Amino acid sequence: MTKTSISGLTRRSLLKTTATAAMVGAAKTLLPSGAFAQGAGPETTKAVLGFIALTDSAPLVIAKEKGFFEKYGMTEVEVVKQASWGTTRDNLVLGSAGAGIDGAHILTPMPYLISTGKVTQNNQPLPMVILARLNLDAQAISVGAAYSDLKAGLDASVLKEAFAKKKAEGAAAKVAMTFPGGTHDLWIRYWLAAGGIDPDRDVETIVVPPPQMVANMKVGTMDCFCVGEPWNEQLVNQKIGYTAVNTAEIWARHPEKSFAMRADWVEKNPRAAKALVMAVEEAAQWCDDMANKDELAKIVGKRSWFNVPPKDIIDRLKGEYDYGNGKVVENSPHFMKFWRDHASYPFQSHDAWFLTENIRWGKFAPDTDIKGLIAKVNREDIWREAAKELGVTDIPASTSRGPETFFDGKVFDPENPEAYLKSLAISRIA
């Protein structure tokens, strides 16, 4: 893990400094604005950030629990649970001045959908900015126990006949995701389409908040769903269904959630925004350390955060996967990454894929200026500034990770999204 250094103090010694209230007071005397000394502190010490009970919100939770926000001068940060991604959107529109939130743990495409007014009331745009990625990998597509004999995996085509039969009988199979145009929507669409199942015509897609997925599967509301952890592991533990695929098997080292904020908040408080990113980056390093995984599971499992037993979190957090269908993978390379593999850096090329897939499914027009939109929303420059101030040396040299290859052999080149779209058999583009 990267060792950071500020004002000659190692991160470990600074953490020790915050061990007691008395020492905190002493630290504030030496560094009255946290890590920002000599009058260069954040413009505000307040921020209200939303999160949903998903393991990939951990960097925000840990930044709060471990005092990293306070360490960088953001002494009045609230991290507030949201009921759904729709609630997150609505509270971002309100802003903290309207009893809403200033920023959030969020599905990576959502800041683009919100900024362009695609998912807001009256299609009113609310400019948003992405400041950091929160994780790579480790979402999953789960299938109900009724389909256990089909042993669905990477190949979704084994479900095609069963789904077609349900539709012919007048009750189309229901496929759940968490927000239209969001990451889970795009993962399950990609998987179904690669198996020859049209997600708009062969099944019915429904929206279910992440914490409600398992309960809905239990009562038969849906046939399969895509969501982040810990809900897929909980489903298996309760023997209600099984994991068909870890999304990293679809696209290895894929981006997932982001830390995003209202653009007006960042414009008004640029130093505070950088301070928040520094805290999130340090928290991401802590979360990524395998030595901290047991403690991480206990922390996020608390009633005040996820209200989930640590046993439903810990195995997959460590890369130990019981798919619930007889498939068991120990030391999976597809566990959730918070820092390694540049997980925290918001590659612009990753955002380009999400926008291209949303063009594929009709959320954005085919003539959308992908690069222009990314230039407005993706603030990787703030991430870089924060990382340099933390003493991080392993900073990506490019904003692009280059062409990406998917499990079915499709290749996405961020410089030529049109070729990628043309290679796809099922699409809403004529």
Side-chain angles (χ1 to χ4, degrees), residues 84-86 107 109 118-119 139-210 212-228 231-232 235-236 238-247 249-251 323-325 327 357-364 406-410 421-430:
S84 67
W85 295 119
L107 299 164
K118 300 294 184 184
V119 296
Q139 312 301 290
I141 296 171
S142 290
V143 179
Y147 301 94
S148 58
D149 60 321
L150 295 177
K151 297 183 176 8
L154 266 174
D155 182 9
S157 68
V158 297
L159 296 168
K160 189 172 183 177
E161 185 177 339
F163 284 177
K165 182 180 179 183
K166 285 200 72 168
K167 186 176 181 181
E169 292 172 349
K174 288 183 171 60
V175 173
M177 44 75 181
T178 61
F179 191 83
T183 55
H184 303 124
D185 187 21
L186 299 182
W187 303 135
I188 204 160
R189 283 174 175 272
Y190 194 99
W191 177 70
L192 289 169
I197 300 170
D198 191 314
D200 291 322
R201 296 166 183 167
D202 297 336
V203 296
E204 179 184 346
T205 56
I206 61 174
V207 178
V208 176
Q212 296 177 25
M213 286 289 190
V214 175
N216 275 272
M217 182 73 91
K218 192 171 187 177
V219 298
T221 303
M222 81 273 282
D223 298 88
C224 63
F225 63 68
C226 183
V227 73
W231 308 112
N232 300 284
L235 180 86
V236 170
Q238 294 187 13
K239 303 186 186 307
I240 300 167
Y242 63 97
T243 294
V245 59
N246 179 325
T247 51
E249 296 172 81
I250 295 174
W251 173 12
Y323 283 63
N325 58 1
K327 178 180 177 181
E357 276 290 304
N358 270 321
I359 289 173
R360 175 189 186 184
W361 300 114
K363 295 293 188 294
F364 284 103
F406 296 77
F407 82 99
D408 57 351
K410 303 298 182 186
L421 287 169
K422 289 177 181 178
S423 74
L424 302 167
I426 298 178
S427 173
R428 296 289 77 85
I429 297 176

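Side-chain atoms are counted along with the backbone in the values below, which use heavy atoms only and exclude waters and symmetry mates. Quick caveat, the model's predicted, so the values are computed rather than measured.
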Worksheet entry | Distance-minimising heavy-atom pair for V236 and G324 | CG1-CA, 3.7 Å

Item to complete: State whether a side-chain donor-acceptor pair under 3.5 Å links S142 with N232.
Response: yes

Item to complete: For residues V208 and A176, report the shortest heavy-atom separation together with the two atoms involved.
Response: CG2-CB, 4.0 Å

Worksheet entry | Derivation of the side chain to side chain contact (heavy atoms under 4.5 Å, CB included) call for M213 and L235 | CA-CA 9 Å; M213 286 289 190; L235 180 86; over 6 Å; no

Worksheet item: Does a side-chain heavy-atom distance below 4.5 Å link K363 with K118?
Response: no

Practice prompt. Look up atom CG in L421 and atom CD1 in I359, then write down how far apart they are to the nearest 0.5 Å.
Written response: 6.5 Å

Worksheet item: Is the shortest distance from a Lys or Arg side-chain nitrogen in R428 or D198 to a carboxylate oxygen in the other one below 4.0 Å?
Response: yes

Worksheet entry | Donor-acceptor contact below 3.5 Å, side chain E249 vs main chain N246 | yes

Fill in: N/O donor-acceptor pair under 3.5 Å between D185 side chain and M177 backbone
no

Discussion item. Tell me the closest heavy-atom pair linking I426 and G196, and the distance in Å.
Written reply: CD1-C, 4.0 Å

Discussion item. Is the terminal nitrogen or CZ of K327 (NZ for Lys, CZ for Arg) located under 6.0 angstrom from the six-membered ring centre of Y323 and within 45° of that ring's axis?
Written reply: yes

Fill in: Donor-acceptor contact present, side-chain Y242 to main-chain A152, <3.5 Å
yes

Discussion item. How about NZ on K166, more than 12 heavy atoms from neighbouring residues, nucleotides or ligands closer than 6.0 Å, or not?
Written reply: yes

Worksheet item: Any side-chain heavy atom of F225 sitting closer than 4.5 Å to one from N216?
Response: no

Worksheet item: Roughly how far, to the nearest 0.5 Å, is the CG atom of L186 from the OG1 atom of T247?
Response: 11.5 Å

Fill in: Atom pair NZ/CD1 of K160 and I197 - distance to nearest 0.5 Å
7.5 Å

Worksheet item: Any idea how W251 and W187 line up, ring-wise: parallel (<30°), tilted (30 to 60°), or perpendicular (>60°)?
Response: perpendicular

Discussion item. Are the side chains of W85 and P210 in contact, using a 4.5 Å heavy-atom criterion?
Written reply: yes

Practice prompt. Decide side chain to side chain contact (heavy atoms under 4.5 Å, CB included) for I188 and T205; before the verdict, give the C-alpha distance in whole Å, the side-chain angles of both, and the deciding distance to 0.1 Å.
Written response: CA-CA 10 Å; I188 204 160; T205 56; 5.8 Å; no

Item to complete: Examine distances only and state if a side-chain atom of K218 and a backbone atom of I240 form a donor-acceptor pair shorter than 3.5 Å.
Response: no

Fill in: Heavy-atom check, side chain of L159 versus side chain of W191, under 4.5 Å
yes

Worksheet item: Heavy atoms, side chains only, cut-off 4.5 Å: are Y147 and V158 in contact?
Response: no

Worksheet entry | Verdict with supporting geometry, F163 and D202, side chain to side chain contact (heavy atoms under 4.5 Å, CB included) | CA-CA 7 Å; F163 284 177; D202 297 336; 5.9 Å; no

Discussion item. Measuring only between side-chain heavy atoms, which start at C-beta, is W361 closer than 4.5 Å to P199?
Written reply: yes

Item to complete: Apply the test side chain to side chain contact (heavy atoms under 4.5 Å, CB included) to residues V175 and D223: give CA-CA distance (whole Å), side-chain angles for both, the deciding distance (0.1 Å), then the verdict.
Response: CA-CA 6 Å; V175 173; D223 298 88; 5.8 Å; no

Discussion item. If I compare all heavy atoms of V214 with all of W231, which pair ends up nearest, and what's the gap?
Written reply: CG2-O, 3.3 Å

Worksheet item: With a 4.5 Å heavy-atom cut-off, do V143 and L150 have their side chains touching?
Response: no

Practice prompt. Determine the minimum heavy-atom distance between P109 and G181, stating which atoms define it.
Written response: CB-O, 3.3 Å

Item to complete: Ignoring hydrogens and angles, tell me if any N or O in the side chain of S427 forms a donor-acceptor pair with the backbone of R360 under 3.5 Å.
Response: yes

Worksheet item: Do S148 and N325 come within less than 4.5 Å of each other through their side chains, counting heavy atoms only?
Response: no

